[in-house]
Amino acid sequence: MAQNCLHCMKYLMFVFNLLFWLGGCGILGVGIWLAVTQGNFATLSSSFPSLSAANILIATGTIVMIVGFLGCIGAIKENKYLLLSFFILLLIIFLLELIVVTLFFIYTDKIDRYAQQDLKKGLHLYGTEGNIGLTNAWSIIQTDFRCCGVANYTDWFEVYNATRVPDSCCLEFSENCGLHSPGTWWKSPCYDTVKIWLHENLLAVGIFGLCTALVQILGLTFAMTMYCQMAKTDTYYA
């Protein structure tokens, strides 16, 4: 009976981690594609230039692949040490996520202020050499969200040292339309506009977070159950 349970758990664990590993491959692939084709796409921070969408996806995909690989091999080979390594690594990741989320909610106001200051500094890198990722990101955000600047379109005046904004701020895009009068530009601040969009999609964000947590909890449960079952089986046959 114990052997049957072990075999059942073994294949469940293997399939679960195979899907986990394939997901990591997909995330890594998208990250590499973004890095190659879009440069540092979505790099808006001047303080953390490496914190781009591509780098985040590459790091996430790599970690997921490593964790999934440990789980797959540990399950199919029925290796207690690999299963324990998988459990510890996944537990550390889960706890770190909980800490980050908790700190985010505790220091929301401070993070808010710092983020706005940092984004305003980043505006000065717009259109400069080696910052195509930041330039593209701001152009896409301002066009898609119909906004201009971090807190106001006047944020761009300091960047250009003139009364002008990027062409992506224009109500109707045309060459050098950012030199026209403020009446032809979007007035909404991008920071608040994106925050409102996130609040409107909070349910989707929450569901994604809960699903991620559930997958990790299932992985921890499978790993520890299989580890304990193997330990009991070893003791029985010893």
Side-chain angles (χ1 to χ4, degrees), residues 2-38 40-43 45 48-107 111 133 198 201-235:
Q3 281 293 330
N4 290 336
C5 287
L6 184 59
H7 283 304
C8 182
M9 188 62 65
K10 169 183 172 178
Y11 292 113
L12 274 174
M13 182 79 175
F14 176 77
V15 171
F16 175 85
N17 282 287
L18 180 62
L19 294 173
F20 204 63
W21 183 80
L22 288 172
C25 289
I27 294 169
L28 180 62
V30 172
I32 293 171
W33 174 77
L34 273 179
V36 172
T37 60
Q38 304 294 324
N40 292 323
F41 176 76
T43 305
S45 173
F48 304 99
S50 297
L51 199 64
S52 65
N55 290 343
I56 290 170
L57 288 173
I58 288 170
T60 304
T62 302
I63 292 169
V64 170
M65 281 180 67
I66 291 169
V67 173
F69 178 78
L70 284 173
C72 276
I73 301 301
I76 208 70
K77 294 289 185 182
E78 297 183 17
N79 188 305
K80 288 193 299 183
Y81 301 106
L82 284 177
L83 283 173
L84 190 60
S85 299
F86 167 83
F87 178 84
I88 292 170
L89 190 57
L90 192 57
L91 182 62
I92 290 170
I93 292 168
F94 184 71
L95 291 174
L96 284 173
E97 288 170 351
L98 282 178
I99 291 168
V100 169
V101 170
T102 304
L103 289 175
F104 176 80
F105 282 111
I106 292 173
Y107 298 105
I111 292 169
L198 285 172
N201 293 275
L202 204 59
L203 180 62
V205 174
I207 290 171
F208 175 78
L210 286 173
C211 288
T212 302
L214 181 62
V215 167
Q216 291 174 333
I217 291 168
L218 281 173
L220 290 168
T221 305
F222 281 154
M224 186 48 66
T225 304
M226 189 173 177
Y227 176 85
C228 293
Q229 194 66 44
M230 287 171 65
K232 286 179 182 178
T233 303
D234 289 347
T235 304

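Hydrogens, waters and symmetry mates play no part in the numbers below; they use all other heavy atoms, side chains included.
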Can you list the residues that meet the side-chain contact (heavy atoms from CB on, under 4.5 Å) rule with Leu19, with sequence neighbours excluded?
Val15

Mind checking side-chain contact (heavy atoms from CB on, under 4.5 Å) for Leu218 and listing every partner two or more places apart, or none if nothing turns up?
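Residues passing side-chain contact (heavy atoms from CB on, under 4.5 Å) with Leu218: Phe16, Leu214.
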
Answer whether the closest heavy-atom distance between the side chains of Ile207 and Cys211 falls below 4.5 Å.
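Of all side-chain heavy-atom pairs linking Cys211 with Ile207, at least one is under 4.5 Å.
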
Distance check, rounded to the nearest 0.5 Å: [X] atom [atom1] versus [Y] atom [atom2]?
X: Leu83; Y: Tyr227; atom1: CG; atom2: OH; answer: 9.0 Å
X: Leu89; Y: Leu82; atom1: CG; atom2: CG; answer: 11.5 Å
X: Phe86; Y: Leu220; atom1: CZ; atom2: CG; answer: 7.0 Å
X: Met226; Y: Tyr11; atom1: CE; atom2: OH; answer: 9.5 Å

Looking at residues at least two apart in the chain, or sitting in another chain, which of them share a ring pair (Phe, Tyr, Trp, His ring centres under 6.0 Å) with Phe20?
none

Kindly list each side-chain donor-acceptor pair under 3.5 angstrom involving residues 21-32, sequence neighbours excluded, with atom names and distances?
none

For Asn201 and Ala204, indicate whether the former's side chain and the latter's backbone hold a donor-acceptor pair under 3.5 Å.
no

Give every residue pair that meets the side chain to side chain donor-acceptor pair (under 3.5 Å) criterion with at least one member in residues 85-94, sequence neighbours excluded.
none

Show the atom names and distances, to 0.1 Å, of all donor-acceptor pairs under 3.5 Å that link a side chain in residues 66-73 to residues at least two apart or in another chain.
none

Below 3.5 Å, can you tabulate the donor-acceptor pairs from side chains in residues 93-104 to any protein atom, sequence neighbours excluded?
residue, atom, partner, partner atom, Å
Glu97, OE1, Gln216, NE2, 3.1
Glu97, OE2, Gln216, NE2, 3.0
Thr102, OG1, Leu98, O, 2.7

What is the minimum heavy-atom distance between Thr225 and Thr221, and which atoms define it?
OG1-O, 2.6 Å

Ring pair (Phe, Tyr, Trp, His ring centres under 6.0 Å): pairs with one or both residues in residues 201-220, sequence neighbours excluded:
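Qualifying pairs: none.
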
